[in-house]
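Notes follow once the structure below has been shown.
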Number of protein chains: 2
Amino acid sequence: MEISKREEEYLETMYMLHKNRGIIRVKDIARMMKVKPPSVVDALKKLNEKGLVHYEKYDRILLTEKGRKIAETTYSKHILLTEFFIEILGIPPEIAEQDACQFEHYVHEITAERIKEFARFIQEQCPYVLKQFIKEKLAEEK
Amino acid sequence: MEISKREEEYLETMYMLHKNRGIIRVKDIARMMKVKPPSVVDALKKLNEKGLVHYEKYDRILLTEKGRKIAETTYSKHILLTEFFIEILGIPPEIAEQDACQFEHYVHEITAERIKEFARFIQEQCPYVLKQFIKEKLAEEK
DNA sequence: TAAACATTTTTGGCTAACCTAACTTGGTGA
DNA sequence: TCACCAAGTTAGGTTAGCCAAAAATGTTTA
């Protein structure tokens, strides 16, 4: 069963809402994804068909186990990429966030894992050089 | 004027065809983008409307100046990302290619620039550490 | 508890991007 | 040169994802 980038985004949004507020509401999904409520309903119906959310109209919305796993995988890539952009490359947080938000849906498992290992390696093997780089870049930003 | 990810991909493909073969043919675009020829024609008509390609039916296809610039920008990000993935992270070329192919359409100018600077910095400041990392990862791949 | 308000859902319609089948055109070899 | 084949095009149709307007349901407050 194929899952589109957009569907993955809906799942991730629901995952974050559940994590932060406990409850998942159409209105909040719409706000976070910058779409209108009817689009959310469309998406929920499709995700329900695919067994990724429990959805019945006017009832509370929940991710299924399968949906949650997909969302968690995506979310963890999001965190990983954001950290890498900010802490290793010294990218401004807002831009780091935007880039991570897209790349998380495409990045190969192998690449994600390698980024994690690389960050760790550099931080351990040449922390001073890294600090130097970040410092230079922050200085340039003014 | 908005340009979609897909349109950017068409432009980049045409740019590469022009670069490699001199001539841009519907059949080749279709093959490279894994779509059928009618889809290419649809795309060409739209890109023509937008002033990004010169297209008249049965005539030779060319990028406009504007289209070429967009394609070049995308292409240079492609090269940059691919090199970073391969030479810094030690990702297998095929996977590096796939990831670059997606991220190139989203990566912020600032992030792209920073990746370039980071690669240079590390290669200059701690080439041995970098070699060590790549070596370890290549060893693990068996 | 019922009216008023907020939220969700349905309906109907749009665009981007793709396809197959059928057609036109252009170039090539007999 | 002309018939044929490859390449390109058109016509007509599908799907994903979005929206506005209106209807349905849920919730809160007077």
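No experiment lies behind these values; they were computed from the predicted model shown. Below, chain A is the first sequence line, B the second, and so on; all start at residue 1.
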Nucleotides 14-17 of chain D: which of its N/O atoms have a protein N/O under 3.5 Å away?
| from | atom 1 | to | atom 2 | distance (Å) |
| --- | --- | --- | --- | --- |
| D/dG17 | OP1 | A/Ser4 | OG | 2.7 |

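Atom CG of B/Leu47 is separated from atom C1' of C/dA16 by 12 Å (rounded to the nearest Å). One interatomic measurement links the two molecules: OH of A/Tyr55 to C1' of C/dT10, which rounds to 10 Å at whole-angstrom precision. Distance, A/Arg25 CZ to D/dT25 P: 20 Å, rounded to whole Å. Here the C1' atom of nucleotide D/dA7 and the CD1 atom of B/Ile29 are 13 Å apart, to the nearest Å. Protein atom CZ of B/Arg60 is 14 Å distant from nucleotide atom P of D/dT9, rounded to whole Å. One can place CG of B/Leu44 at 11 Å from P of D/dT10, the figure rounded to the nearest angstrom. What separates NZ of B/Lys45 from C1' of C/dA17 is a distance of 14 Å, to the nearest Å. Counting to the nearest Å, the C1' atom of C/dA16 and the CD atom of B/Glu9 are 13 Å from each other.
Between A/Leu80 and A/Glu104 there is no side-chain heavy-atom pair separated by less than 4.5 Å.
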For residues 37-47 of chain B, run the donor-acceptor check on the side chains, cut-off 3.5 Å, and write out each pair with its distance to 0.1 Å, sequence neighbours left out.
none

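In this structure, A/Tyr58 and A/Lys36 both approach DNA chain D, and ranking their closest nucleotides by distance from the 5' end singles out A/Lys36.
The pair A/Glu141-A/Lys137 does not count as a salt bridge, with every side-chain nitrogen at least 4.0 angstrom from each carboxylate oxygen.
In this model, the phosphate group of D/dC18 is not approached by any side-chain N or O of A/Lys34 to a distance below 4.0 Å at OP1 or OP2.
For B/Phe133 and A/Phe118, the gap between ring centers is short of 6.0 Å.
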Start with the C-alpha gap between B/His105 and A/Gln102, add the side-chain angles, then the distance that decides, and say whether side chain to side chain donor-acceptor pair (under 3.5 Å) holds. CA-CA 10 Å; B/His105 302 290; A/Gln102 296 299 322; over 6 Å; no

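For the atom pair CD1 (B/Ile95) and CZ (A/Arg114), the distance works out to 8.5 Å, reported to the nearest 0.5 Å.
The listed nucleotides are D/dT9, C/dT9, D/dA7; the one nearest the side chain of B/Lys57 is D/dT9.
Between the side chain of A/Thr13 and the backbone N or O of A/Glu9, at least one donor-acceptor pair lies under 3.5 Å.
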